[in-house]
Amino acid sequence: MTDRLDDQLRSFFRSENSSGLPSNFSWLVMQRIGQERIARARSRAQLLSLAVSVLALLCGIGLFIGYKFYISAPVPFFELPTPAVLSATTLFAFWFLDTLLKSKG
Amino acid sequence: MEQESDLINAAQAGDPRAFERLVIQYQDMVARFVHRIIPSPEDREEVCQDVFVKAFFNVSKYRGEAKLSTWLFQIAYRTAISFKRKRVLSQVSLEDYEIADTRGDVLEQGDVSREIARQLGRLSLEERSVVTLYYMQDMSVDDIANIVERPAGSVKSILHRARAKLQERLESDLVEAGVQGIGL
């Protein structure tokens with residue numbers, strides 16, 4: 001009895017030969033993938049630009065604090081407030097990396 | 001003709017043409033499976049597109065431990081289930097199934113096929129998925145267990161339960177309708 005049901009079900013699924021998808025389905029999928037790639041690249045770029053903006057703002061604040069501190073009482077670099085030292089070091093590191101990469105082409 | 005493994009390797013390396021060839025190769029199979037979970041043709045097409053878009057962005061994670069079809073069915077199952085949850089369609093109505101099937105080619109197969117389609121629509125999503133994979137794809141219980149993320153023993157029991165339901169309902173409905181010769 002169950003074998004008969006198995007046969008019926010197999011033949012039922014075998015008889016379904018139409019998927020119901022449009023003939024240009026693969027093209028549509030590739031279009032969607034293209035759009036998705038652009039959207040992902042855009043959101044990555046937005047995230048990166050946000051991170052750079054935040055870093056620039058923090059560095060600006062740090063340098064401003066250092067400048068104010070130095071104007072009121074000149075001290076050696078490493079005796080400046082920590083945010084100022086960190087900002088200046090970060091900027092120097094970026095400049096150094098940029099120069100190094102440029103020199104290597 | 002290129003081997004499937006070559007196409008997979010090329011797709012993993014980011015070749016969109018190779019991936020498109022894989023889409024062409026598997027689209028009908030995936031669509032027939034999704035049809036059993038999402039009867040509406042528009043929704044089905046959307047879900048099928050989602051399946052292949054997800055596959056494209058995750059193809060680098062495919063390690064070849066299971067067959068590509070099993071991996072795609074796993075994505076299709078998850079995508080279709082989450083689509084259904086989003087749409088808050090906890091149960092596909094029989095009307096949906098009847099409408100979908102009268103549009104397709106099933107109606108031409110006669111009363112028995114129509115009745116099978118109707119009764120499949122009355123099974124739970126999990127039962128329907130397991131039955132579809134088992135009978136449509138001739139998949140092993142282990143592969144199905146991998147797709148529906150259940151132990152093999154549970155899959156066997158789901159399959160057994162679904163078969164019993166189908167048999168009981170088909171017998172009673174077809175006898176009522178006076179269809180002869182099914183002989184279940």
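Note that this is a predicted model, so its numbers are computed, not measured. Protein chains get the first letters and strands the later ones, always in sequence-line order, with residue 1 at the start of each.
- Between A:F25 and B:F52, the angle of the ring planes goes over 60°, which puts this pair in the perpendicular group of the 30/60° scheme.
- For B:V30, no part sits under 4.5 Å from any heavy atom of chain A, backbone or side chain.
- Scored by the side-chain hydrogen bond (donor to acceptor under 3.5 Å, both in side chains) test, B:E149 finds B:R78 as partners (sequence neighbours excluded).
- For B:D138, the part lying near chain A is the side chain, with the backbone staying farther off; criterion is any non-hydrogen pair under 4.5 Å.
- Using a 4.5 Å cut-off between heavy atoms, A:I33 touches chain B through backbone and side chain atoms alike.
- By the side-chain hydrogen bond (donor to acceptor under 3.5 Å, both in side chains) test, B:S69 pairs with no residue at all, sequence neighbours left out.
- Here the CD-CG distance, from B:E171 to A:L5, works out to 9.0 Å after rounding to the nearest 0.5 Å.
- The 12-atom threshold is exceeded at OH of B:Y62, counting heavy atoms of other residues, nucleotides or ligands nearer than 6.0 Å.
- Distance check: B:Q49 CD to A:L21 CG gives 9.0 Å after rounding to the nearest 0.5 Å.
- Contact check for B:Y134 versus A:L9: no side-chain heavy atoms found under the 4.5 Å cut-off.
- The minimum heavy-atom distance linking B:T132 with A:F13 is given by the pair CA-CZ, 3.8 Å.
- Contacts of A:R10 with chain B are made by both backbone and side-chain atoms, with heavy-atom separations under 4.5 Å.
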> Hey, mind stepping through B:Q27 and A:V29 against side-chain contact (heavy atoms from CB on, under 4.5 Å) and telling me if it holds?
Replying inline: CA-CA 10 Å; B:Q27 62 184 42; A:V29 169; over 6 Å; no
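- Below 4.5 Å, heavy atoms of chain B meet heavy atoms from A:E36, A:R37, A:R40, all part of residues 34-68 of chain A.
- Residues B:V23 and A:W27 are not in side-chain contact: their nearest non-hydrogen atoms beyond the backbone lie 4.5 Å or more apart.
- Identified under the salt bridge (charged side-chain N to carboxylate O under 4.0 Å, His left out) test for residues 11-20 of chain B, with sequence neighbours left out: none.
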